[in-house]
Amino acid sequence: MPVGTRGAVKAITHRDLEELGAEIILGNTYHLFLRPGADLIARAGGLHRFIGWTRPILTDSGGYQVFSLATMRKVREEGAEFRSHLDGALHLLTPEAATDIQAQLGSDIAMVLDECIATPATLDTAREAMQRSLRWAARARERFRRLQDDPGQIAVTNPGQAQFGIVQGGTFPELRTESVHGTVAIGFDAYAIGGLSVGEPPPVMYDVVAHTAPLLPDDSPRYLMGTGMPDDLFECVARGIDMFDCVLPTRNARNGQFLTNAGLLSIKNARFAEDQSPPDPGCSCYTCRTFSRAYLRHLYMVGEMTAATLNSLHNLHFYLDTMRRIREALVFGTFEKLRLEFHQTFSRRPRI
Ligand SMILES: [Zn+2]
């Protein structure tokens, strides 16, 4: 899922996204709640109509952003109190409020509010947050069901909305197991694994995914939140993950970094000043079909806005195409071959 934080995937039009074959995008509840506000979006008929995107949308609960505020928030059993990063106004994000806001936005998939913790965390801290997340999940589910029966004062703009639960528990297998059992017992439409890709080394993340994913029901999608590098997609699919989101392809594009079949390519590098080859010779995207490294470097160096657009087009194509190739390989039983080939050519180390 490309990330459209504030109702737009940065530097990219919806038409571009459709042409890239993006089937779903992610919207950030925290940002949309603060600006332009959930009431305004509900009055516009919901997020799809407001932003002019007809394909599915997943919204997060807003929790991750609130917990990233560090000094500006306070967690208690009722919810997370925080000050807006915009004007310092005090807000209380409860499991019920996160459910209501997402009902107003009318995304196709809503996420429950969970407690995110800093890593590395002690076993006690991780257990406490995981158990609170379970209590919050039960409250969010109850609210969600009540809204379906009787919306009351809330404008529910998408009656077909699904709600996903989130498994927490840090890097502790026993906590992950407890979290899976508790979350599945509440009963959600599908399940996500949260609390990873927060600074732990990739092998640790892979181990937690390998432990957790097989415990989740296999008749609904499993979503790994906030991951990651292209090689992480292969490794986590191999361990049972179906859905991903990450700002990496678009954020890195704006910083001049291309993710290519051979690894990372920094377009600002002086050696590309007169390089007439495309950024990724093996790529069929509009940017690679049309423009040279020399031109893209020039656009980036002079700060042209088009640089962000063209770089993002390539990186999003690369991610979406990688996932398409993975799905195809799974159907044809050639996933292991593709995984091996990918690791032989892709490198996390920047190319000099
Ligand atoms: Zn390309």
Side-chain angles (χ1 to χ4, degrees), residues 1-5 8-26 53 55 227-237 244-329 334 337-352:
M1 290 179 281
V3 177
T5 302
V9 175
K10 288 188 201 303
I12 292 287
T13 67
H14 294 344
R15 187 177 58 188
D16 290 330
L17 288 173
E18 285 167 11
E19 281 175 9
L20 287 166
E23 294 171 41
I24 176 169
I25 59 172
L26 183 145
W53 171 259
R55 295 180 185 178
T227 300
M229 289 293 285
D231 43 344
D232 295 336
L233 303 182
F234 277 93
E235 289 315 299
C236 294
V237 165
F244 301 90
D245 78 281
C246 195
V247 295
L248 206 138
T250 41
R251 179 180 292 165
N252 289 27
R254 295 195 303 282
N255 293 328
Q257 189 179 71
F258 283 77
L259 294 129
T260 79
N261 285 295
L264 313 178
L265 184 147
S266 178
I267 201 67
K268 51 199 154 186
N269 201 300
R271 65 181 280 232
F272 299 132
E274 296 193 51
D275 188 338
Q276 305 308 324
S277 58
D280 188 356
C283 178
S284 63
C285 83
Y286 169 70
T287 302
C288 290
R289 277 188 284 115
T290 320
F291 305 107
S292 66
R293 292 172 180 178
Y295 176 62
L296 293 165
R297 177 177 186 274
H298 159 71
L299 291 181
Y300 181 82
M301 297 307 281
V302 298
E304 277 295 335
M305 283 187 278
T306 313
T309 301
L310 295 178
N311 300 358
S312 297
L313 278 178
H314 166 80
N315 280 356
L316 285 173
H317 172 88
F318 182 67
Y319 268 69
L320 292 166
D321 193 55
T322 298
M323 288 307 293
R324 269 193 295 271
R325 284 159 59 205
I326 288 176
R327 284 197 292 272
E328 195 179 272
T334 54
K337 185 168 165 280
L338 181 69
R339 182 183 176 187
L340 192 68
E341 283 170 5
F342 189 85
H343 288 308
Q344 280 167 350
T345 54
F346 181 85
S347 166
R348 275 177 184 251
R349 279 174 291 122
R351 263 190 274 165
I352 308 300

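What's counted below: heavy atoms across the whole structure, side chains too, no hydrogens, waters or symmetry copies. Note that ligands are numbered from 1 as they come in the structure, with each ligand's atoms numbered from 1 the same way. Predicted, not measured: the structure shown is a model, and the values here were computed from it.
- Between Glu328 and Arg324 there is no salt bridge, since no side-chain nitrogen of the basic residue lies less than 4.0 Å from a carboxylate oxygen of the acidic one.
- Between Pro279 and Arg293, the shortest heavy-atom contact is O-NH2, 3.1 Å.
- Closest of all the heavy-atom pairs between Thr309 and Ile12 is O-CD1, 3.8 Å.
- Here the closest non-hydrogen pair linking His314 and Leu259 is NE2-O, 2.8 Å.
- Just one of Phe258, Phe272, Tyr286 meets the ring pair (Phe, Tyr, Trp, His ring centres under 6.0 Å) condition when paired with Phe291; it is Tyr286.
- The Zn ion (ligand 1) has Cys283 SG, Cys285 SG, Cys288 SG, His314 ND1 as its protein N, O or S neighbours under 2.8 Å.
- Residue pairs meeting the salt bridge (charged side-chain N to carboxylate O under 4.0 Å, His left out) criterion with at least one member in residues 247-270, sequence neighbours excluded, do not occur.
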